[in-house]
Protein chains: 2
Amino acid sequence: MPAQSLAAARRPRPLLEAPEVSDDLRLIGPTRVFGRDEAIFDEGDGVDSVYRVVSGGVRALRLLADGRRQIIGFHLPGDIFGLELGERRRGSAEALGETTLLIARRASLGAEPGQAERLWRVSLAALERSQDHVLTLGRRSACERVASFLLDLAGRLGAGGHFELPMSRLDIADHLGLTIETVSRSLGQLQAGGLVRLDSCRRVRLPRPAALAALCQ
Amino acid sequence: MPAQSLAAARRPRPLLEAPEVSDDLRLIGPTRVFGRDEAIFDEGDGVDSVYRVVSGGVRALRLLADGRRQIIGFHLPGDIFGLELGERRRGSAEALGETTLLIARRASLGAEPGQAERLWRVSLAALERSQDHVLTLGRRSACERVASFLLDLAGRLGAGGHFELPMSRLDIADHLGLTIETVSRSLGQLQAGGLVRLDSCRRVRLPRPAALAALCQ
DNA sequence: CGCTCGTTTGATAGCAATCAACCAACGTGG
DNA sequence: CCACGTTGGTTGATTGCTATCAAACGAGCG
């Protein structure tokens, strides 16, 4: 739709239409490196900063009183996270491995025009991702959960059908509402079916992405 | 924090701070009544409108190829829904019972100043709700799911610890990733424990909300 | 070589799904 | 007014998927 883009550039574009230029939220601030499993923030902390992943990866998680852990999502290079409505963190965030983050002060947002709309797009993208996650957790079998997880990751990381898992089996299990044993067995099944290849336990290859996608929908 | 509110009123308030005035998104458009189970929109439809629930209730749902159904969320009076990033609906929406909606054109948004920020708040609230849902589906038992569902509803509907369920057992089951039988048995258990009272099968009373909440966290 | 840690594999248990009645509320029509 | 069918909900018996418990495996490393 190049015609539409041209038109949009000439007059004020209504909200909720596809952006004609960069979607990028401009974040300004220092960069910091976090070590493996290092906390970026904890539940209950004040919401002072917003983050962009430069390299590495982050798990966003919540805990129940008895220690059960749910990973709400993974943040990968390019992703923005840490936006919240309230004054206190509702969950924690930790580095998966060696991870570099750009850290912007919350108060520094909102200066530029159009920034609110970019914030809105970031949140809406996160919402759609979370709703996909709900569908997976509510109605898919263990194997299907693992399959859709791999496809999701491939879409975000996979240059050409192969990529490196930045997280452990435990992280995957706690993301998918399973146990590490079930994740391992599901990967085994998928591998037996020729839908997945594990070069090492972190190095994934998806030889037949279409067949894998057929499993999930 | 009245002092902060005063300060905020004097100078441009940074984004991501608590709003000092009404959070309300101004939506303009006609009102329409939908009958029970009537479709408001379907997956794949164009995204032309945004909705506010005036009365009644709405289920937002997604289907898998084999018919498995996941209810992503319920929209109750006052809620805004139908905002999407893309051009096509990613799921469908249906009226739970007789339901009145205010329908605004998508293109009519974005006119007023500050509207983008209100949109952002609406989306972020939906995101937080969805993340709570992920925690529930990923890591809670059947009984805990039902308990947190009832608490959530009570917070949105419950004038004083009692309210009317606007949805059927099947809707609840498909929201919580369970079956109707399991929902029924869980309600039975909660009732046996004195944490819930069902005056009729739709009329709920929560005599000990604190004890119920203790179950869930 | 012998740790440790993360992962895989195996045996068993348990929670929720499935299959199947049963029940209550409601509406219709005889 | 009551027989009847329909719909939504509850209760019971059994199955099955995933969790749990347990052990083996393999890679990385001092």
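Naming convention: chains lettered A, B, ... in sequence-line order (proteins, then strands); numbering from 1 in each chain.
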Taking atom C1' of C:dG6 as reference, at what distance in whole Å does atom CG of A:Leu198 sit?
14 Å

Nearest heavy atom decides the nucleotide; on that basis, is A:Ser168 or B:Cys143 closer to the 5' end of DNA chain C?
A:Ser168

B:Glu43 side chain to B:Arg62 backbone, donor-acceptor under 3.5 Å
no

Rounded distance (Å) that lies between atom P of C:dA16 and atom CG of B:Leu137:
13 Å

What parts of residues 55-74 of chain B reach DNA chain D, counting only heavy atoms under 4.0 Å away?
none

What nucleic acid atoms does A:Ser200 come within less than 4.0 Å of, heavy atoms only: base, sugar-phosphate, or nothing?
nothing

Looking at B:Arg59 and B:Glu94, is there a salt bridge between them, counting it only when a charged N and a carboxylate O are closer than 4.0 Å?
yes

Taking all atoms of both residues into account, what is the closest heavy-atom pair of A:Arg140 and B:Leu64, and its distance?
NH1-CD2, 3.3 Å

With no hydrogens and no angle check, just 3.5 Å: does a side-chain donor-acceptor pair link A:Ser123 and B:Ser123?
no

Need to verify one output field. Residue with the more 5' nearest nucleotide on DNA chain C, A:Arg139 or A:Arg202?
A:Arg202

A:Arg52 and side chain to side chain contact (heavy atoms under 4.5 Å, CB included): which single residue from A:Ile80, A:Thr100, A:Ile103 fits?
A:Ile80

One pair to check against side-chain contact (heavy atoms from CB on, under 4.5 Å): A:Leu165 and A:Phe163. What are the steps and the verdict?
CA-CA 7 Å; A:Leu165 292 173; A:Phe163 54 92; 3.8 Å; yes

For the pair B:Asp132 and A:Arg90, evaluate side-chain contact (heavy atoms from CB on, under 4.5 Å) and give the outcome as yes or no after the intermediate values.
CA-CA 10 Å; B:Asp132 290 344; A:Arg90 306 169 63 258; 2.6 Å; yes

List in numerical order all residues of residues 169-196 of chain A for which some heavy atom is under 4.0 Å away from an atom belonging to DNA chain C.
A:Arg169, A:Glu181, A:Ser184, A:Arg185

Measure from NZ or CZ of A:Arg32 to the centre of the six-membered ring of A:Phe34, then state whether that distance is under 6.0 Å and the direction lies within 45° of the axis.
yes

Between A:Arg36 and C:dG6, is there a side-chain N or O to OP1/OP2 distance below 4.0 Å?
yes

Separation of D:dG8 atom C1' from B:Leu165 atom CG, nearest Å, is 13 Å

